[in-house]
2 protein chains.
Amino acid sequence: MRIGELGQATGVDIETIRHYEKIGLLSPPAREANGYRNYDAAHVERLAFIRHCRALDMPLAEVKRLLDFVAHPEADCGDINRLIEEQLGRVRERLSSMQALEKQLVALRARCGENHTARECGILHELVAASHEPEGRQR
Amino acid sequence: MRIGELGQATGVDIETIRHYEKIGLLSPPAREANGYRNYDAAHVERLAFIRHCRALDMPLAEVKRLLDFVAHPEADCGDINRLIEEQLGRVRERLSSMQALEKQLVALRARCGENHTARECGILHELVAASHEPEGRQR
DNA sequence: GAACACCCTGTAGCGGCTACAGGGTCAAGG
DNA sequence: CCTTGACCCTGTAGCCGCTACAGGGTGTTC
Ligand SMILES: [Zn+2]
Ligand SMILES: [Zn+2]
Ligand SMILES: [Zn+2]
Ligand SMILES: [Zn+2]
């Protein structure tokens with residue numbers, strides 16, 4: 001199948017597919033006589049796998065590591081475990097900082113009353129005032 | 001004060017300070033005879049404000065808009081309100097997708113038992129299997 | 001006069017795409 | 001036969017928000 005069909009089949013932009021090939025994440029497919037890329041079922045499989053991992057917000061470098069495991073199934077599984085664990089750690093860290101962020105934004109929003117000018121805006125005052133304190137009371 | 005002192009005072013890397021100047025976020029300071037940047041109190045104020053907004057994960061483009069409000073306090077505050085609202089919307093969207101992500105990763109981790117090879121690893125099997133289904137059951 | 005801390009400009013890199021520019025290929029329709 | 005259109009190719013540059021050099025200049029101290 002050609003690149004357009006592969007994109008159709010997996011819901012991936014063809015520019016992205018070429019990008020994955022360029023960075024060595026998706027193996028170069030065969031070429032037709034006219035130079036067009038010609039993908040097979042394994043490519044569909046692989047690309048779907050990549051996208052699934054990306055949907056789990058894994059960096060491409062980690063996806064690459066996982067693909068290596070798929071290619072060499074005799075390897076020990078401990079590393080896979082660790083990879084997921086690391087990923088989970090990062091996600092949780094990000095999650096908690098985003099929760100703190102949401103709280104701050106909600107508080108900020110509450111500072112703004114009815115129509116007035118920027119000079120009298122509680123949001124702006126709060127932002128200016130807050131930037132006078134050392135960052136990170138919440139730590 | 002020189003750039004190093006400003007960095008000290010605000011906890012911002014001097015490369016970052018020069019970067020902010022280059023992209024027009026921080027106004028160019030005066031220069032000493034030898035060409036060294038010479039900042040004043042207003043710059044400290046402004047830089048602290050920028051960093052505080054960044055800590056709230058605002059894109060620099062929005063920080064710029066806020067700085068415009070600070071500079072023109074006669075403007076209507078409605079836009080400030082909207083800006084914070086948009087920011088909150090983005091944060092919440094990201095937050096809920098990260099929560100879903102965390103769940104998936106926890107489920108994934110549970111699939112891996114004791115020591116075994118990648119071939120028998122439940123995580124890998126799950127990832128491969130999941131990539132066969134159309135993405136986004138959760139939507 | 002040499003070591004050191006500081007400063008300057010400019011360029012290139014990161015990740016993960018996205019968007020061109022400037023071409024080639026091939027089937028259907030006027 | 002020729003044009004239109006859909007598809008494909010390569011290569012380069014841009015996005016964000018930094019970060020890291022390379023290759024220099026300045027100014028104080030021993
Ligand atoms: Zn207001
Ligand atoms: Zn102030
Ligand atoms: Zn396992
Ligand atoms: Zn399969």
Once you round to the nearest 0.5 Å, how far does CG of A:Leu101 lie from CZ of A:Arg94? 8.0 Å
Which comes earlier along DNA chain D counting from the 5' end, the contact point of B:Lys22 or that of A:Gly35, where each point is its nearest nucleotide? A:Gly35
Separation of atom CD1 in A:Ile17 from atom P in D:dT10, rounded to whole Å: 13 Å
Any side-chain donor-acceptor pair under 3.5 Å between A:Arg46 and B:Ser131? no
For atom CG of B:Leu56 and atom P of D:dG17, their distance in whole Å: 14 Å
May I ask you to decide if B:Ser27's main-chain N or O and B:His43's side chain share a donor-acceptor pair within less than 3.5 Å? yes
Could you check whether B:Arg90 pairs with B:Glu85 (Lys NZ or Arg NE/NH1/NH2 to Asp/Glu carboxylate O, under 4.0 Å)? no
Separation of C:dC7 atom P from B:Glu21 atom CD, nearest Å, is 14 Å
Salt bridge (Lys or Arg N to Asp or Glu O under 4.0 Å) contacts touching residues 117-129 of chain A (sequence neighbours left out): A:Arg111-A:Glu126
Please tell me if B:Thr16 has a side-chain N or O lying less than 4.0 Å from either OP1 or OP2 of D:dT19. yes
Please report the closest heavy-atom contact between B:Asp79 and B:Arg65, naming both atoms and the distance. O-NH2, 4.2 Å
In plain terms, say whether A:Glu21 and A:Arg37 are close enough for a salt bridge, that is, a side-chain N and a carboxylate O under 4.0 Å apart. yes
Kindly work out whether a path of hydrophobic side-chain contacts (I/L/V/M/F/W/Y, heavy atoms less than 4.5 Å apart) joins A:Leu6 to A:Tyr36. no
Tell me whether the OP1 or OP2 atom of C:dC8 has a side-chain N or O from B:Arg37 closer than 4.0 Å. yes
In whole angstrom, what separates A:Gln8's CD from D:dC8's C1'? 15 Å
List every contact pair, protein side and nucleotides 14-16 of chain C side both N or O, where the distance is under 3.5 Å.
from: C:dG16; atom 1: OP2; to: A:Leu60; atom 2: N; distance (Å): 3.2

Can you give me the N/O atom pairs linking the protein to nucleotides 25-29 of chain D at distances under 3.5 Å, or say none if there are none?
from: D:dG25; atom 1: N2; to: B:Tyr36; atom 2: OH; distance (Å): 2.8
from: D:dT26; atom 1: O4'; to: B:Tyr36; atom 2: OH; distance (Å): 3.3
from: D:dG27; atom 1: OP1; to: B:Asn34; atom 2: ND2; distance (Å): 2.9

Rounded to whole Å, the CD1-P distance (A:Ile3 to D:dC9) equals 5 Å
If only side-chain N and O atoms of B:Arg18 are considered, is one of them under 4.0 Å from the OP1 or OP2 phosphate oxygen of C:dT9? no
